[in-house]
Novice: 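Would you mind keeping the following structure in view while I ask a few things?
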Protein chains: 2
Amino acid sequence: MAEGYLKGRIRREDIITTAVSVYAEAGYHGSSLREIARRSGITHAGLLYYFPTKEALLAAVLERRDSEDTEREHLAVPPGLDALRHLIALAAHNVQHPGIVDVYARLAAEAVAAEHPAHDYFERHYKMARDYAVASFQVLAERGELRPGVDPAYAGLNLVALMDGLQVQWLSGGGAVDLVGALRSYLESLLAVPLG
Amino acid sequence: MAEGYLKGRIRREDIITTAVSVYAEAGYHGSSLREIARRSGITHAGLLYYFPTKEALLAAVLERRDSEDTEREHLAVPPGLDALRHLIALAAHNVQHPGIVDVYARLAAEAVAAEHPAHDYFERHYKMARDYAVASFQVLAERGELRPGVDPAYAGLNLVALMDGLQVQWLSGGGAVDLVGALRSYLESLLAVPLG
DNA sequence: CCTACCGATCGGTAGG
DNA sequence: CCTACCGATCGGTAGG
């Protein structure tokens, strides 16, 4: 009896996974429910049984990403030098999973438009990332671990922007871009202490 | 007699201008020839008289941008400190024209996919920008104007990535992001001499 | 979950 | 440049 529910939950997760890879290929607007359904082994009407609209599926994709980030306890590291090290580790992890990076880079760009269904999600996401980065540089500044003259507010904003921009070039360039090295290089140019 | 040709040329330019603003709202894939035609005051079949395919119109949009950049003699400034100053001026110019920034930021993200008709265009564009930035930092390094320990190759890659990422956040954030200030801050953290 | 369908919209063509 | 059309595809619904 609970089996019915379990199968449904698994099916839902399958569909979300498939959606992520289709979004990665065609973007959100360029993806059709029929294509996602086909790769999931059901009809598009069947897909709409699980997710009543195209937007509901997108929301589920974004929700899953948030819960994965939370699982990884991304934000459990307090702002500071360790947070920056953790960010490099996260970048190194992402480099092993280009498909995922691709989805979110494309979605973020599509969602620049205020009417895009993921617009608010990314606005919140950027603000959180920025606040966290700025707080980290502020902690460094207080401890004298920041090079003199470096503004924590700009350094934080630039860190988030840099990660985004590097991802696009790394995705586009087919391996010619050393994402992690570039990120380390940026951070080292701001720090008065070794990054380790 | 030449009037017919002139009118055609004007019409073509009108259509390209309209296409730019529709791309800015909906991206390339999300834009329809019918919508671009409607705003240009013709039917979509009429538009196809001037641009035989959807891709041909995209190509015309990108071509125009290149010729505008060339007109501005973007690349006439030799690599070096002046080139970086010129880049800041270009960013300040772009901040006055969010619509144009929007189109190219969205197109660049869409074109990450290798099958996208603008993929090759952006790949070339990125490579040129990167080479130019790296060359500038190399010139600075030779003149001792770069802070010791700064790698010109990473600094150049990061400069291009940073500009891209800042544009996305600036577009998305609705004015909360100081793009030009952030760019200056990045450059100043790398230089051993004042940027002026 | 499926079959069967809807109205809307798409890029492109014919033929003038 | 337009009218008129094509085949394909879209998201979503009805009804089981």
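Below, chain A is the first sequence line, B the second, and so on; all start at residue 1. Remember, predicted model here, so these are calculated numbers, not experimental data.
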Novice: Specify the separation, in whole Å, of atom CG of B/L47 and atom P of C/dT13.
Specialist: 14 Å

Novice: Taking side chain as C-beta onward, heavy atoms only, is B/I10 less than 4.5 Å from B/K7?
Specialist: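 No; the side chains remain at least 4.5 Å from each other.
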
Novice: What closest approach, in Å, do A/E25 and A/R106 show between heavy atoms, and which atom pair accounts for it?
Specialist: O-NH1, 3.3 Å

Novice: Does any part of the side chain of B/H125, heavy atoms only, come nearer than 4.5 Å to the side chain of B/L62, both counted from C-beta?
Specialist: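 The answer is no; the side chains never approach within 4.5 Å.
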
Novice: Measure the distance from CZ on B/R34 to P on D/dC6 and round it to the nearest whole Å.
Specialist: 14 Å

Novice: side-chain hydrogen bond (donor to acceptor under 3.5 Å, both in side chains) between A/Y121 and A/D66: does it pass, once the steps are laid out?
Specialist: CA-CA 10 Å; A/Y121 173 88; A/D66 271 348; 3.1 Å; yes

Novice: Checking contacts here: which listed nucleotide (D/dT3, C/dT3, D/dC5) is nearest the side-chain heavy atoms of A/A45?
Specialist: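 Looking only at side-chain atoms, A/A45 lies closest to C/dT3.
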
Novice: Could you go through B/Y28 and B/H116, starting from their C-alpha distance and side-chain angles, then the distance that decides it, and tell me whether this counts as ring-ring contact (aromatic ring centres under 6.0 Å, His included)?
Specialist: CA-CA 10 Å; B/Y28 168 70; B/H116 194 285; 5.5 Å; yes

Novice: At a heavy-atom distance below 4.0 Å, what parts of residues 19-33 of chain A sit against DNA chain D?
Specialist: A/S31, A/S32, A/L33

Novice: Among the candidates C/dC2, C/dT13, D/dG12, find the nucleotide nearest to the side-chain atoms of A/L48.
Specialist: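 Per side-chain heavy atoms of A/L48, the pick is D/dG12.
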
Novice: Do any N or O atoms from the side chain of A/N158 and from the backbone of B/A182 form a donor-acceptor pair under 3.5 angstrom?
Specialist: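 Side chain of A/N158 to backbone of B/A182, a donor-acceptor pair under 3.5 Å: yes, one is there.
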
Novice: Go through C/dG11, D/dT3, C/dC5 for me and flag the one nearest to the A/H44 side chain.
Specialist: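 So the nucleotide nearest the side chain must be C/dC5.
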
Novice: Is A/R38 reaching over with its side chain to a backbone N or O of A/T43, donor-acceptor style, under 3.5 angstrom?
Specialist: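 Such a contact is absent between A/R38 side chain and A/T43 backbone.
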
Novice: Can you list, by residue number, the residues of residues 49-63 of chain A that have a non-hydrogen atom closer than 4.0 angstrom to DNA chain D?
Specialist: A/T53, A/K54

Novice: If we count only N and O atoms by modelled type, under 3.5 Å, do the side chains of B/E123 and B/H119 hold a donor and an acceptor together?
Specialist: yes

Novice: So what does the secondary structure string of DNA chain D come out as, 5' to 3', with Watson-Crick or wobble pairs under 3.5 angstrom, [ ] for crossing and | for pairs with another strand?
Specialist: ||||||||||||||||

Novice: Are B/R184 and B/E188 ion-paired here, with the side-chain N under 4.0 Å from a carboxylate O?
Specialist: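 Yes, this pair counts.
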
Novice: Below 4.5 Å, heavy atoms only, C-beta onward: do B/D164 and B/Y126 meet side chain to side chain?
Specialist: yes

Novice: Reckon A/I42 touches a base, only the sugar-phosphate, or nothing at all at heavy-atom distances under 4.0 Å?
Specialist: sugar-phosphate

Novice: Could you verify whether a donor N or O on one side chain and an acceptor N or O on the other, from B/S189 and B/R147, lie under 3.5 Å apart?
Specialist: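 Side-chain D/A pair, B/S189 to B/R147: absent.
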
